[in-house]
**Q** 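One structure follows; several queries about it will come next.
Whatever order the structure lists them in is the order used to number ligands and atoms, beginning at 1.
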Amino acid sequence: MAPMGIRLSPLGVAVFCLLGLGVLYHLYSGFLAGRFSLFGLGGEPGGGAAGPAASADGGTVDLREMLAVSVLAAVRGGEEVRRVRESNVLHEKSKGKTREGADDKMTSGDVLSNRKMFYLLKTAFPSVQINTEEHVDAADQEVILWDRKIPEDILKEIATPQEVPAESVTVWIDPLDATQEYTEDLRKYVTTMVCVAVNGKPVLGVIHKPFSEYTAWAMVDGGSNVKARTSYNEKTPRIVVSRSHSGMVKQVALQTFGNQTTIIPAGGAGYKVLALLDVPDKSQEKADLYIHVTYIKKWDICAGNAILKALGGHMTTLSGEEISYTGSDGIEGGLLASIKMNHQALVRKLPDLEKTGHK
Ligand SMILES: Nc1ncnc2c1ncn2[C@@H]1O[C@H](COP(=O)(O)O)[C@@H](OP(=O)(O)O)[C@H]1O
Ligand SMILES: [Mg+2]
């Protein structure tokens, strides 16, 4: 009999002790991880030790650091994309069919780029949600440490760290945009992309062209290394559209803007956003608008949406709704992307796709 008449069961005491030890372990390991992360963050920008940039208990992340890692991830992924293409051994497969019945393709370029990009970002920012187009093989992990260097061009544009709660962040990775065109060896259309959304709003985007080694990046209310062109043709725009998932986009474009309108079929959502900007790459065509009418996934469009938004442009559904980059992977309402134009006036001009049967 224990003092005060309470009988202690040996099993109960053992369970209680184990629980106590568990709580102590949890608190202690969180504390240590936090110290480790703070140690890494303590130095000059770019001068700290390699390791995770976000504290393991969530905490905050610096969007400027996320931009640096996103650029690095897009470039490293791009190296894989180029290496596989140059080897000519693509191991092309179909992941299934799109709703319209086209093959949803995947190659070794997609898989190897995904592995590099995902693990670079995940190792640097272990506490953020990362959504990527390709399956991540947990049995084939790669620990790639970020060297904590923020490139000069980013430091020049974005003078101070931009802290946000880690739990508000969703990262979207497209390790190889324009896979269809990649399999056809149409290299200019291919990009790797990273996007960071905060509370579902796209805030930073990176689009990298591995075959021309060109990278565009921008942060909303931060800075960019790319800009809009000086003028755009709003009356009879040149419209860039999908060449492999087009649906009824040509009919919609001609019906809205007239038969004088030039339609430019092109691969890749990243490529089509870059067509709206002032991009020095010689292989890049130029357009005034980007329209898409079929279903599309958020990793295909988030980076372009962030860059356009940072430069004062817009990417919305065809009915003018903003796209939220949390939750489901796909969007149903088509896409309209413009810059230096009256976007809402363009939305009003477009036909209602549900009514006209152009979806
Ligand atoms: N109807 C659809 N269903 C699924 N994915 C689509 C789609 N339309 C476009 N996409 C995807 O969006 C990207 C750009 O498409 P497009 O080149 O036709 O404009 C491609 O991404 P991936 O190459 O990353 O798969 C393509 O697969
Ligand atoms: Mg892809």
Side-chain angles (χ1 to χ4, degrees), residues 73-74 77-78 80-81 84-85 90 92-118 130-136 171-195 205-211 239-250 252-253 263-276 284-285 287 289-305 315 317-318 323 328-337 353 358-359:
E80 298 297 303
V81 166
V84 170
R85 186 58 265 180
L90 267 58
E92 182 182 329
K93 284 202 256 284
S94 174
K95 291 186 278 185
K97 297 273 182 200
T98 66
R99 292 177 181 186
E100 297 77 29
D103 271 325
D104 189 4
K105 286 187 182 166
M106 186 181 73
T107 67
S108 291
D110 299 70
V111 174
L112 295 172
S113 171
N114 189 55
R115 182 165 175 258
K116 278 266 183 286
M117 294 178 75
F118 178 83
I130 303 180
N131 296 338
T132 174
E133 174 170 8
E134 306 305 340
H135 173 72
V136 179
V171 178
W172 296 87
I173 297 178
D174 191 339
L176 202 171
D177 183 40
T179 300
Q180 173 59 43
E181 286 70 23
Y182 183 67
T183 64
E184 295 176 50
D185 209 7
L186 298 170
R187 302 182 182 198
K188 69 176 182 184
Y189 296 128
V190 173
T191 62
T192 58
M193 297 191 275
V194 182
C195 178
V206 177
I207 304 179
H208 173 68
K209 296 179 99 173
F211 296 102
I239 305 175
V240 69
V241 303
S242 169
R243 67 183 279 285
S244 52
H245 304 85
S246 56
M248 303 289 271
V249 71
K250 285 180 195 161
V252 170
I263 307 283
I264 307 169
Y271 179 90
K272 288 192 270 289
V273 168
L274 292 180
L276 305 184
Q284 180 68 56
E285 293 155 287
L289 279 182
Y290 167 23
I291 301 181
H292 192 82
V293 301
T294 62
Y295 180 73
I296 195 160
K297 303 282 183 68
K298 289 178 185 171
W299 40 72
D300 295 311
I301 58 172
C302 183
N305 194 341
M315 180 185 279
T317 65
L318 291 170
I323 299 154
S328 67
D329 290 345
I331 65 150
E332 306 279 350
L335 274 189
L336 174 68
L353 297 192
H358 276 148
K359 257 189 103 173

**Q** Output yes when a side-chain donor or acceptor of Tyr182 lies under 3.5 Å from a complementary backbone atom of Thr107, and no otherwise.
**A** no
**Q** Looking at Ala269, is its backbone amide N or carbonyl O close enough to the side chain of Asp300 to form a donor-acceptor pair, meaning the two atoms are under 3.5 Å apart?
**A** no
**Q** Checking Lys250 now: which residues fulfil side chain to side chain donor-acceptor pair (under 3.5 Å) with it, not counting sequence neighbours?
**A** none
**Q** Excluding sequence neighbours, so at least two apart, what forms salt bridge (Lys or Arg N to Asp or Glu O under 4.0 Å) with Lys297?
**A** none
**Q** Distance under 4.0 Å, heavy atoms only, partner ligand 1: which residues pass?
**A** Thr98, Glu100, Glu133, Asp174, Leu176, Asp177, Ala178, Thr179, Ser242, Ser244, His245, Gly267, Gly268, Ala269, Lys272, His292, Thr294, Tyr295, Ile296, Asp300
**Q** Where the side chain of Asn114 meets the backbone of Pro175, is there a donor-acceptor pair that is under 3.5 Å apart?
**A** no
**Q** Whether the side chain of Ser113 engages the backbone of Asp110 through a donor-acceptor N/O pair (distance < 3.5 Å, no angle test) should be reported.
**A** no
**Q** Answer yes when Arg115 and Glu80 have at least one side-chain N-carboxylate O distance shorter than 4.0 Å, and no when they do not.
**A** no
**Q** Tell me if a side-chain donor or acceptor on Arg85 pairs with a main-chain N or O of Gly109 at a distance below 3.5 Å.
**A** no
**Q** Would you say Tyr295's side chain and Glu100's backbone share a donor-acceptor pair under 3.5 angstrom?
**A** no
**Q** Which protein N, O or S atoms does the Mg ion (ligand 2) have within a distance shorter than 2.8 Å?
**A** Glu133 OE1, Asp174 OD1, Leu176 O
